[in-house]
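Below is one structure, written out as structure tokens; comments come after it.
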Amino acid sequence: MSTELLRMDHAGRTYGTTVPVHALRDADFRVRSGEFVSITGASGSGKSTLLNLLGLLDRPTSGAYLIGGTDTAALSEAERTWLRATWFGFIFQAFHLLADRNVIENVELGMLYTGIPRATRVERAREAIERVRLGHRAGAMPTTLSGGERQRVAIARALAAHPKVLLCDEPTGNLDHDTSMSVLDLLDELHTGGLTVLVVTHDREIAGRADRSISVADGVVSP
Amino acid sequence: MTTNDPTRADDESAGPSGTPMQLGRSKLRVVDALVEAAISTILRPGRTILTGLGTILGVGTVVATLGIVGTANNRISDSFNAVTSTQITVSDLGVGNIPIAAERSVTAINGVAHAGISWQVRDSVTVASNPDPALADRFAQTMPLYAATPAGLDVTGVRVLQGRGFDQGNERRADRVALLGNIAAQSLGITTVVNRPAVFVEGTPFTVIGIIGGSARQPGALTGVIIPARTARSIAPYAQVAASKLSGSAAAVNGHGPTLFIDTNPGAAQVVGRQLTYTVSPTDPTDMSVSVPPDPATLRRSVEGTTSSLILLLAGLSIVIGIVAIANTTLLAVIERTPEIGLRRALGARPRHIASVTLLEASVVGGVGGTIGAVLGVLATTGIAVAKTWTAVLDVRLVIVAPIIGILAGLLAGAYPAYRATRIEPATALQRL
């Protein structure tokens with residue numbers, strides 16, 4: 001039986017004080033383990049704000065956000081970073097690979113702040129690279145990789161830390177159609193293996209692959 | 001939930017909803033922090049060199065300036081030892097306390113190289129090149145009158161331009177011979193001593209046997225006339241001058257007693273100085289003034305203290321410039337790496353992890369820069385010493401401490417950039433690419 005992993009309880013995010021901007025209002029939904037959820041909406045609708053809250057990269061200014069039943073408002077910065085390192089795997093539209101580190105070093109970076117010894121990190125990084133079918137490019141520099149390969153490295157980096165939830169922000173935004181499909185196939189495969197996946201996208205085709213979709217419009221979340 | 005997948009998180013932290021979750025803290029191992037700092041400095045050689053340049057220049061300047069000053073001070077001390085610190089002067093505070101015979105007894109003191117008597121007998125006397133008082137307006141001048149023994153001429157550095165100085169015969173016989181300073185000779189219209197011209201000192205005739213070009217320790221002699229010491233004593237006996245002084249007459253102010261000039265061997269001035277008064281006047285050693293050069297060691301310390309303070313100030317300024325250079329470049333690096341820092345924060349880095357790696361990078365660069373600066377400073381000091389044929393003097397402790405100074409400078413310089421790095425919000429930073 002799947003358990004509730006994430007819970008937004010009437011959460012909101014407002015920027016500024018003199019002229020408040022309500023980027024997100026009254027978000028109220030739950031994500032259970034093993035789900036594939038898409039978060040859709042137009043540009044500027046508040047999708048990325050929602051993803052930042054979900055990944056503990058930002059804090060809600062109203063309501064509550066619970067992870068595994070624990071209210072994140074009560075967590076210290078050290079506990080929040082620990083959750084980011086161990087619970088979440090991040091996949092960004094711009095890949096965010098370090099240009100002066102090779103593939104295996106980039107993947108290893110995903111475990112650097114977990115206190116895992118280097119030998120174990122390298123072993124796990126190799127496993128993750130094999131899993132995204134880039135074993136033959138383990139020593140390559142990011143500048144020599146195609147867009148699809150770079151995103152696979154980013155996925156491997158997210159997987160290597162053995163996260164519970166994969167948070168993907170427009171993972172195919174910088175890729176052509178065929179490459180996008182192969183990356184989505186990989187995400188499908190990971191979900192099928194039991195991983196909880198949340199994908200922010202404005203692409204209906206990608207949203208169609210998810211178990212369910214959460215839409216965001218003008219900061220209002222509709223589960 | 002399926003847990004067999006190798007990509008799944010370790011379940012010890014994942015409690016079911018409602019069950020308190022076991023929380024940990026993200027951590028960066030010390031060895032990993034060191035490796036990250038080292039990789040960062042190696043992978044960005046341009047920035048590392050630019051950053052290190054400030055420390056290299058700062059520490060290099062400190063080592064080189066202190067080394068060069070140490071070497072120069074050593075050289076200055078040698079010069080003081082060789083010249084200035086060997087000259088002693090014994091002045092008569094009364095009248096007649098320094099007999100001319102003291103010259104011989106002082107010469108016998110161990111460590112004395114030369115000793116001689118010379119003094120300004122009168123501040124002003126009338127000297128004429130023609131005895132006729134009616135022609136005094138044309139041929140008479142007022143000038144100081146000096147006296148000297150032959151040894152006194154030597155030890156005061158009298159340089160004879162024409163003729164000769166006094167000999168022992170002139171001194172012993174109290175001959176009425178004179179040396180004229182070349183300025184005095186010109187004023188009296190005397191241009192040569194070949195024909196043994198005569199001058200009249202207060203009406204008393206003297207044969208001019210030489211014209212002098214200067215005196216190192218009696219520079220006023222250039223404008224005056226010098227006569228033998230015993231001759232001077234016969235003209236202005238000590239007793240007469242003493243009586244004048246006691247009566248407070250104007251003539252008293254015009255008279256002086258002999259002065260003993262002494263050259264010692266290097267390093268002997270202090271010891272000789274302590275023996276002089278008792279040798280010159282055993283019965284009344286307090287009525288004379290002995291001018292001994294300062295102890296070379298004291299003098300050297302004084303000079304070194306003055307120059308070292310100045311140079312330490314300059315060295316401190318160099319270090320500050322180095323710190324500012326490192327701080328500036330490190331801050332630029334932090335700004336340039338904002339997206340990377342954002343990524344690391346997203347991957348679990350705490351602000352202190354980012355700060356520690358930033359500080360480590362700055363201190364590694366500072367330490368390496370300090371080491372290279374120390375080597376360059378030593379080379380500069382040695383090179384200058386070799387070029388000047390001086391002995392290089394450098395405190396070894398400074399060379400050892402230099403890399404530590406570099407590390408501390410790096411830590412200090414990295415403090416503000418590290419603080420700035422900790423303020424980077426991951427969500428904002430990740431949007432910058």
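Just so it is clear, the values below take in all heavy atoms, side chains as well, and ignore hydrogens, waters and symmetry mates. So you know, we letter chains A, B, ... as the sequences are listed, proteins then strands, and number each from 1.
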(request) Quick one: pull up CG in A:D100 and OG in B:S40 and give me the separation to the nearest 0.5 Å. (result) 7.5 Å

(request) Counting only heavy atoms closer than 4.5 Å, note whether B:R337 contacts chain A via side chain, backbone, both or neither. (result) neither

(message) Testing the basics here: between B:A346 and A:F92, what is the closest heavy-atom pair and its distance to 0.1 Å?
(response) CB-CZ, 4.4 Å

(message) Between A:E79 and B:R350 (salt bridge meaning N to carboxylate O under 4.0 Å), is one present in this structure?
(response) no

(message) Nearest 0.5 Å, please: how far is CG in A:D169 from CG in B:L430?
(response) 9.5 Å

(request) Answer with side chain, backbone, both or neither: which region of A:R80 has an atom nearer than 4.5 Å to a non-hydrogen atom of chain B? (result) neither

(request) Please round to the nearest 0.5 Å and tell me the distance separating atom CZ of A:F88 and atom CG of B:L347. (result) 13.5 Å

(message) Would you say that more than 12 heavy atoms from the other residues, nucleotides or ligands in this model lie under 6.0 Å from the OH of A:Y15, or not?
(response) yes

(request) With a 4.5 Å cut-off on heavy-atom pairs, point out which of B:E425, B:H353, B:R29, B:E340 contacts chain A the most. (result) B:R29

(request) State, to 0.1 Å, how close A:L57 and B:P426 come at their nearest heavy-atom pair, and which atoms those are. (result) CD2-CB, 3.9 Å

(message) Please classify the contact between B:R352 and chain A as side chain, backbone, both or neither, with a heavy-atom cut-off of under 4.5 Å.
(response) neither

(message) So that I can tick it off, tell me whether B:E36 and A:R101 are bridged by a salt bridge, with the cut-off set at under 4.0 angstrom between side-chain N and carboxylate O.
(response) yes

(request) Identify which part of A:L112 has an atom lying under 4.5 Å from any heavy atom of chain B, answering side chain, backbone, both or neither. (result) both

